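Here is the structure we will look at, set down as structure tokens.
As the structure is a prediction and not an experimental result, all values here were calculated from the model. Ligands are counted one by one from 1 in listed order, and the atoms in each one are counted from 1 as well. For reference, positions follow the sequence shown, starting with 1.
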Amino acid sequence: MIPKNHPRYQSLLLRDKVKNAFKEGYLADSGMIAHGRGETFDYLLGEQTTTPAKEAMKASVCKLLLAENPVLSVNGNTTALVIDEIIDLAKELNAKIEINLFYRTEERVNIITKMFKDRGYEDILGGNTEELLNIDGIKNPRSTASPEGIYKSDVVLVPLEDGDRAEILVEHGKEIITIDLNPLSRTAQMSTITIVDNIVRAIPFMIQTTKEYKNKDKKELKLIVDNFNNKENLKKSLNEFKIKEIK
Ligand code: PTJ
């Protein structure tokens, strides 16, 4: 039991979620390492959502609202940290959710599928009973793609991963939005839009933004997307990392 007055209460709560997810069998062991890496970057950001991250999220929401077949890809860490919020975001955006694991095992996929279904979300894609296709070029189990989801998607949210999937999906004509606290990760560099923020703050912000934007004129959404430059925004995000002075 973490005392509420502990100075690192929020951070320890997230660690607990990650540890429990590992014990429950759906978070990869490497997922705990990934979480630790994320914590470090978040510490340096002051554990706050920055202005460039907000700009990236606004552009992302516009892109997802303008998409024909938007998909939110979920892995073990995303499920552990924000399963309820991802379901809310998918509903607000009218997007699909697909399970896509780097360390794919039947058992992990079954547990995550059940977690979504237990929350009343029946249409979860990427499960074990589905006939999955493969995205050429990705030489790992993460290449699976649901024919109704990532395979025919035009815009995909791919949070929390550092690898080659984003660039291969981009090569296949898809627009990729990532949430990654590390602005230097390969995924952050290769994505169409990079949100440098903690996923636990980012998804609620995106839900709120979707509610505000979803009745806007398409032209207005397109203008926000057109005025967004990911390279420039990534540079601004990198400048937000400050080593604080010791008092
Ligand atoms: O569930 P699986 O099998 O798909 O595996 C998932 C992990 C996360 C283990 C796998 O994709 C992996 O190994 O990821 P990496 O290469 O460690 O990349 C994870 C990225 O997410 C790193 O750049 C971290 O800084 C970042 N990250 C970690 N926690 C958060 C985060 N970004 C945003 N919010 C976080 N809470």
Side-chain angles (χ1 to χ4, degrees), residues 10-19 21-22 24-50 52-53 56-57 60 72-83 85-86 89 97-113 115-116 124 126-128 135 138 140-145 150 156-169 176-191 193-206 234 237-238 240-241:
Q10 288 303 334
S11 170
L12 292 176
L13 267 189
L14 296 185
R15 273 195 187 181
D16 253 17
K17 284 191 177 182
V18 168
K19 279 191 296 183
F22 176 69
E24 286 163 29
Y26 69 90
L27 188 113
D29 47 9
S30 295
M32 291 193 283
I33 300 170
H35 185 77
R37 178 149 61 163
E39 275 184 348
T40 311
F41 283 103
D42 209 16
Y43 227 115
L44 294 173
L45 272 185
E47 295 170 325
Q48 277 171 5
T49 301
T50 65
M57 286 192 268
S60 299
L72 314 182
S73 174
V74 293
N75 61 12
N77 288 56
T78 301
T79 305
L81 294 174
V82 285
I83 183 170
E85 293 83 351
I86 282 282
L89 180 62
I97 305 177
E98 178 165 342
I99 302 170
N100 190 283
L101 304 182
F102 183 65
Y103 302 102
R104 189 177 174 104
T105 65
E106 225 177 271
E107 193 200 352
R108 291 185 64 212
V109 174
N110 277 340
I111 299 172
I112 295 173
T113 304
M115 287 174 70
F116 276 92
I124 182 79
N128 288 325
I135 302 276
I138 308 180
N140 61 46
R142 200 157 36 176
S143 67
T144 59
I150 291 177
V156 194
L157 176 73
V158 183
L160 270 72
E161 65 169 55
D162 181 0
D164 56 357
R165 193 162 75 112
E167 60 194 286
I168 289 160
L169 289 171
I176 301 300
I177 298 165
T178 193
I179 302 171
D180 191 337
L181 278 160
N182 177 7
L184 301 173
S185 82
R186 194 167 170 119
T187 301
Q189 303 281 319
M190 297 298 172
S191 293
I193 301 184
T194 309
I195 300 161
V196 181
D197 198 14
N198 195 320
I199 195 165
V200 301
R201 295 190 298 271
I203 302 293
F205 186 93
M206 289 174 78
L234 256 177
S237 289
L238 195 56
E240 294 285 339
F241 287 88

Ligand-residue contact atoms, ligand 1 with [X], heavy atoms, under 4.0 Å:
X    : answer
L81  : 36 (N)
R108 : 1 (O), 2 (P), 3 (O)
F102 : 2 (P), 3 (O), 4 (O)
R37  : 15 (P), 16 (O), 17 (O), 18 (O), 22 (C), 25 (O)
G38  : 25 (O), 27 (N), 28 (C), 29 (N)
S30  : 9 (C)
G76  : 1 (O)

Margin query: In this structure, does ligand 1 have an atom that sits under 4.0 Å from one of the heavy atoms of D197?
Written below: yes
Note to self: Just to check, does G31 reach to within less than 4.0 Å of ligand 1 when the distance is taken from its heavy atoms?
What the structure shows: yes
Note to self: Considering D42, N198, L160 one by one, which has a heavy atom nearer to atom 27 (N) of ligand 1 than any of the others?
What the structure shows: L160
Next item on the list: Kindly identify the option in I203, I199, D180, D162 whose heavy atom sits closest to atom 23 (O) of ligand 1.
Entry: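 The option holding the nearest heavy atom is D180.
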Notebook entry, point to check: For E107, which residues count as a side chain to side chain donor-acceptor pair (under 3.5 Å) partner, sequence neighbours excluded?
Noted result: none
Checklist line | Single hit among L72, I86, L89 for side chain to side chain contact (heavy atoms under 4.5 Å, CB included) with M206 | finding: L89
Next item on the list: Under the salt bridge (charged side-chain N to carboxylate O under 4.0 Å, His left out) rule, collect the residues that match up with R201, sequence neighbours excluded.
Entry: D42, D197
Next item on the list: Would you please test I203 and I179 for side chain to side chain contact (heavy atoms under 4.5 Å, CB included) and show each step?
Entry: CA-CA 9 Å; I203 302 293; I179 302 171; 3.7 Å; yes
Within a strict 4.5 Å, meaning less than it, do heavy atoms of the [X] and [Y] side chains meet?
X    : Y    : result
S73  : I150 : yes
F41  : N198 : no
R37  : D162 : yes
I176 : M190 : no

